[in-house]
Amino acid sequence: MAVRSHEEDSEFVKLLQTKITEETCRSGEVPAGFWLDPTVPTGWIGLDQYLERHGPFPIDDYWAASITQQIASAVLFLHQSKMAYGILTASSIVVDLDGIAHLLPPPPANYQRLDDDIRSIGKLLLRLVTGQNQYPPPQLLFPVNRSLYKLAGFLLETPMTAGQVIDFPPFENQLI
């Protein structure tokens with residue numbers, strides 16, 4: 001999988017590395033959710049490949065909730081640092097050997113507003129739950145977790161914070 005070079009993302013990567021270092025010194029824990037190295041480790045795959053391997057849709061509700069919550073946690077870290085990720089797509093996400101999702105640096109000049117990030121999380125959840133990129137999907141030919149599906153629509157229409165997304169009850173029910 002090709003990953004953009006640090007030179008292309010230098011401003012964002014340097015700022016994010018500074019924020020991660022500050023948070024690590026403050027809390028003693030490394031914030032998860034980002035992959036800033038220019039190469040992706042062997043065995044890690046892009047989200048599209050991950051969905052192909054774990055499909056057909058719907059993928060397991062636990063994985064849909066887990067991936068969405070992990071990405072929302074990374075976005076929350078950015079928002080707490082007054083940074084927005086921008087357009088979040090499946091090509092922005094890699095999944096490691098343990099099934100943990102990581103955000104790659106966004107393309108240059110991709111920086112948007114904070115609420116755009118929440119809509120992107122809604123689109124991601126919709127994709128994970130239905131395999132579709134539009135809401136509502138034209139016709140579902142398989143059973144769908146209705147609470148996660150409704151949450152995806154809610155995120156596309158309602159301003160929320162990344163923290164509210166992480167703590168939303170449908171996620172808690174799936175991750176127990």
Side-chain angles (χ1 to χ4, degrees), residues 1 3-4 12 31-35 40 44-80 83-107 109-176:
M1 166 179 239
V3 178
R4 294 171 300 276
F12 181 86
F34 298 99
W35 188 255
V40 175
W44 290 27
I45 58 175
L47 184 60
D48 282 330
Q49 293 170 299
Y50 181 84
L51 294 176
E52 285 175 19
R53 285 188 189 172
H54 291 84
F57 287 96
I59 66 168
D60 183 86
D61 295 336
Y62 173 84
W63 287 115
S66 178
I67 289 170
T68 304
Q69 212 177 31
Q70 291 165 25
I71 296 304
S73 294
V75 169
L76 176 62
F77 178 78
L78 289 175
H79 289 189
Q80 289 171 335
M83 298 168 65
Y85 185 85
I87 300 168
L88 178 65
T89 64
S91 61
S92 309
I93 301 168
V94 291
V95 181
D96 68 20
L97 297 171
D98 296 322
I100 297 171
H102 304 269
L103 273 178
L104 297 172
N110 184 32
Y111 314 110
Q112 304 291 324
R113 300 178 325 203
L114 301 183
D115 57 344
D116 291 336
D117 287 349
I118 303 303
R119 283 187 194 85
S120 290
I121 293 170
K123 287 181 182 178
L124 170 67
L125 178 58
L126 181 66
R127 173 84 191 287
L128 292 170
V129 172
T130 69
Q132 304 287 320
N133 288 318
Q134 55 185 340
Y135 182 85
Q139 181 180 16
L140 298 174
L141 302 175
F142 47 80
V144 171
N145 180 311
R146 296 292 176 201
S147 62
L148 292 178
Y149 177 72
K150 287 180 184 178
L151 174 58
F154 185 71
L155 292 172
L156 291 169
E157 299 169 358
T158 307
M160 294 178 74
T161 66
Q164 290 171 317
V165 173
I166 293 166
D167 294 331
F168 211 76
F171 287 136
E172 293 174 7
N173 295 338
Q174 294 306 317
L175 298 172
I176 292 175

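Everything quoted here is computed from the prediction, not taken from an experiment.
- The two residues Gly86 and Ser120 make their nearest non-hydrogen contact at O-OG, 3.6 Å.
- Looking at Arg127 and Leu51, their side chains come closer than 4.5 Å, going by heavy atoms from C-beta outward.
- The shortest distance between side-chain heavy atoms of Thr158 and Ile118 does not fall below 4.5 Å.
- Checked by atom type, the side-chain pair Gln70/Ser66 shows a donor-acceptor distance below 3.5 Å.
- The CG atom of Leu114 sits 15.0 Å away from atom OH of Tyr85, with the distance rounded to the nearest 0.5 Å.
- Counting heavy atoms from C-beta on, the side chains of Ile93 and Leu103 come closer than 4.5 Å.
- For the pair Phe168/Leu155, no side-chain contact is recorded, criterion being any heavy-atom separation below 4.5 Å from C-beta on.
- Annotation: side chain of Ile45 is in contact with side chain of Arg53 (closest heavy-atom distance under 4.5 Å).
- Across Ala84 and Asp117, no two heavy atoms sit closer than the pair CA-OD2, 3.4 Å.
- Side-chain atoms of Val165 and Leu125, non-hydrogen and from C-beta on, never get closer than 4.5 Å to each other.
- Looking at Leu124 and Leu47, their side chains come closer than 4.5 Å, going by heavy atoms from C-beta outward.
- Trp44 has its side chain out of reach of Val95: every pair of non-hydrogen atoms, C-beta onward, lies at least 4.5 Å apart.
- Looking at every heavy atom in both residues, Gln164 comes nearest to Met160 through OE1-CA, 3.3 Å.
- Asp60 places a side-chain N or O within 3.5 Å of a backbone atom of Tyr62 that can act as its donor or acceptor partner.
- Among residues two or more places apart in sequence or in another chain, the salt bridge (Lys or Arg N to Asp or Glu O under 4.0 Å) test is passed with Arg119 by Asp115, Asp116.
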